[in-house]
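Note that ligands are numbered from 1 as they come in the structure, with each ligand's atoms numbered from 1 the same way. Every value quoted in this text rests on a predicted model; they were computed, and no experiment measured them.
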Amino acid sequence: MNVKNRYLSFMLTLLTFLMIVSSCRTDENTQTQIDEFHLPIKIAKHQQYKNAAVSSAHHLASEVGVQVLKDGGNAIDAAIAVQFALAVTYPIAGNIGGGGFMVIRTEEGLYDALDFRETAPANANKDMYLDADKNVIPNLSLLGHLACGVPGVVDGMEKAFDKYSKLKNWSRLVEPSIELAQRGFYVTNKQASSLNKRRKEFKKVNDKPIAFVKGKAWKQGDILTQPDLAKTLEAIAKNGRAGFYEGEVANLLVEEMNQNGGIINLEDLKKYTSKWRAPVVSDYRGYTIISMPPPSSGGIALIQLLNSIEPYNIESMGFHSTEAIHLMVEAERRVYADRSKHLGDMDFYDVPIATLIDDDYNQMRMSNFDPSKASLSSEIEPSDIKESEETTHFSIVDQWGNAVSLTTTINTGYGSKVVVDGAGFLLNNEMDDFSAKPGVPNFFGLVGNEANAIAPGKRMLSSMSPTIVEKDGELKIVVGTPGGSTIITSVFQTIVNIIDFGMNANAATQSCRFHHQWLPDKIQIEERCLDENIIDTLEKMGHATVSRKSIGKVETIVVNDDGILDAAADRRNDDSVSGY
Ligand code: DON
């Protein structure tokens, strides 16, 4: 071996040694052990399954759900397991410290809806986010301990289990998440950058170390372990709702509040109850739409949108044609105006549901629709009815035909950023979904009024729209998405894509989206979505347009005519389908 070769061989040996040493490096969140949890994620965006399907924001959560189904659990069992798994693998939105809504259609064709939305603590009040001059204090309802509503997820999961579980083995549904939290999982590129982006805020509101902040920046392939969360999940596996709302975990949560100016107390936790509600149901071109009633505005607004466009032949206008976009936007403008006035928690405020979802009412609202010209939001008032960026969605169909559409949230990414010390879970910042002051926009630019004012024990208004669609009495579509105010219009477009434009689950899910919410008076359009000439024409008609990054992360399952489940997960993030 000459000198040059000897030098090369030495360098190679040194390099290999350095690689081994660096791959053995560990810190609290980084391990080198490679097993199935620690492999780069295997994302499947579109698959067809004969028996059962799950579409969720994380492939490990989808697989946890499918394993429950294979073990004889039904869609509700799988949903419970997926909810807990997302609380570990998708901390930006999956949660036990937040709330959500579950819409169910059973194999017998019965509908149900579970409301496990957070509530305002007993010590909350209408003006709690206003300064002495009655101006909204920026960020108070978004960051830190005062932003948190009383969590509803664990109570909701237990209620769903008690009424619908087929497996009848609660701890079996929580155990996969305990393992995921203990052993950790592979952090994707998107997760690494979203965690790094919030580092400052995490540090601002948490004075003790938390799993989401480590010595160095996160990078793809790091392993995130959450030992405190694993302990909390163990208490939930053992004691159900009592493991969370009472005892050690509840004490830790209240201690976290007391030390940091928060107001949730033990009584708030003890009293929290999720509620079974009657879903809102309506027809659209021969399909039955089944969706979430208040405290979500989602189901009502979705039905209003579909009713508003039903008299028009949108199919002949063409997908993403100026005519179709104009029609849908004008419907959105009117519906979101109504939302600002009439929608709130119906346990506290009389929501005129029957009128709002009535065909004639919505057609009356569209009577001043001009096919050639935009109306101005300043001229569209909410009607006068006289009558007493982060959430996550998953869709599941099981081998018997039971379906679950579930959207869950801690509101914006990582919620209030508060991690309960010793209990390892993130708390929501859902209080921002209330109207802190009439007419003042919240994080999503939504304005509200009396109907959505803060009151102790009241649920803040939501846009989450978990939806199920039937055709001729048979299950057809299970759909939903995150996206704040854009949730309703994303679900609207996905349903129209399937029913009117004949798309399959994947095309309907992946196609780009636009959104209008009355105020601000602008069509928000995903980047590189529409042809320039379509945008020009819309502007000439009087619409203001604005380009924005992605809208929604839709998870869709369509039951094809031959019974095959056509499952799609949104291309906009790491979402993934699984099934068998
Ligand atoms: O309930 C609602 O409408 C909001 N808290 C949802 C937030 C959301 O979707 C954020 N995701 N991107």
Side-chain angles (χ1 to χ4, degrees), residues 56-57 86 90-95 97-103 113 115-120 141-143 147-153 156 190 194 197-198 291-302 335-336 339-340 343-345 389-394 405-417 426-436 441-448 451-452 454 458-467 479-492 513 515 517 524 526 548-555 570 572-575:
S56 89
L86 286 170
Y90 194 63
I92 191 167
N95 69 86
F101 301 121
M102 182 184 319
V103 171
D115 159 9
F116 51 100
R117 182 71 160 166
E118 302 91 325
T119 53
S141 61
L142 281 168
L143 183 67
C148 314
V150 182
V153 162
K190 288 197 168 85
S194 93
K197 208 169 108 191
R198 270 70 172 213
S291 194
M292 194 66 211
S296 185
S297 62
I300 290 178
L302 172 67
V335 168
Y336 277 79
R339 180 194 191 281
S340 73
L343 272 295
D345 181 352
E389 239 177 50
E390 194 65 41
T391 296
T392 189
H393 175 86
F394 53 92
S405 184
L406 192 155
T407 316
T408 180
T409 188
I410 38 178
N411 198 24
T412 61
Y414 304 97
S416 64
K417 320 291 185 289
L426 278 155
L427 282 165
N428 67 83
N429 56 355
E430 219 72 63
M431 291 297 282
D432 190 67
D433 274 351
F434 277 118
S435 170
N442 74 355
F443 178 83
F444 295 104
L446 292 165
V447 288
N452 190 30
I454 304 171
K458 185 174 173 181
R459 287 155 149 86
M460 52 298 278
L461 184 61
S462 173
S463 300
M464 292 188 284
S465 314
T467 299
V479 65
T481 182
S485 55
T486 67
I487 290 175
I488 301 162
T489 54
S490 296
V491 172
F492 174 46
R513 307 189 183 108
H515 169 76
Q517 58 179 51
Q524 304 175 30
E526 281 187 315
R548 61 169 278 179
K549 287 233 163 66
S550 71
I551 297 179
K553 296 176 192 86
V554 173
E555 319 289 9
D570 206 304
R572 291 162 181 81
N573 208 344
D574 301 324
D575 312 43

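Atom OG of residue Ser291 and atom CG of residue Leu302 lie 5.5 Å apart, to the nearest 0.5 angstrom. The distance from the CG atom of Asp115 to the CE atom of Met102 is 11.5 Å, given to the nearest 0.5 Å.
Residue Phe444 approaches ligand 1 through these ligand atoms, each under 4.0 Å from one of its heavy atoms: 7 (C), 8 (C), 10 (C). Taking a cut-off of under 4.0 Å to the non-hydrogen atoms of Ile487, the atoms of ligand 1 that pass are 9 (O). Applying the 4.0 Å criterion to heavy atoms of Ser463 picks out, from ligand 1, the atoms 1 (O), 2 (C), 3 (O). Applying the 4.0 Å criterion to heavy atoms of Met464 picks out, from ligand 1, the atoms 1 (O), 3 (O).
One finds no salt bridge joining Glu430 and Arg459 here, because no Lys/Arg side-chain nitrogen approaches an Asp/Glu carboxylate oxygen to under 4.0 Å. Look at Arg117 and Asp433 and you find a salt bridge, because one of the NZ, NE, NH1 or NH2 atoms lies within 4.0 Å of a carboxylate O, short of that distance.
Residue nearest to atom 4 (C) of ligand 1, selected from Asp433, Thr486, Thr408, Thr409: Asp433 (by heavy-atom distance).
Heavy atoms of Met460 found under 4.0 angstrom from ligand 1: none, in either backbone or side chain.
One side chain, Asn95 or Thr408, offers a donor N or O that lies under 3.5 Å from an acceptor on the other.
The shortest side-chain heavy-atom distance between Asn428 and Asn411 does not fall under the 4.5 Å cut-off. For the pair Leu142/Ser416, no side-chain contact is recorded, criterion being any heavy-atom separation below 4.5 Å from C-beta on.
Using a 4.0 Å cutoff on heavy atoms, Arg117 counts as a contact of ligand 1.
Considering backbone and side-chain atoms alike, Gly483 places an N or O below 3.5 Å from some N or O of ligand 1. An N or O contact shorter than 3.5 Å is missing between Thr412 and ligand 1 by distance.
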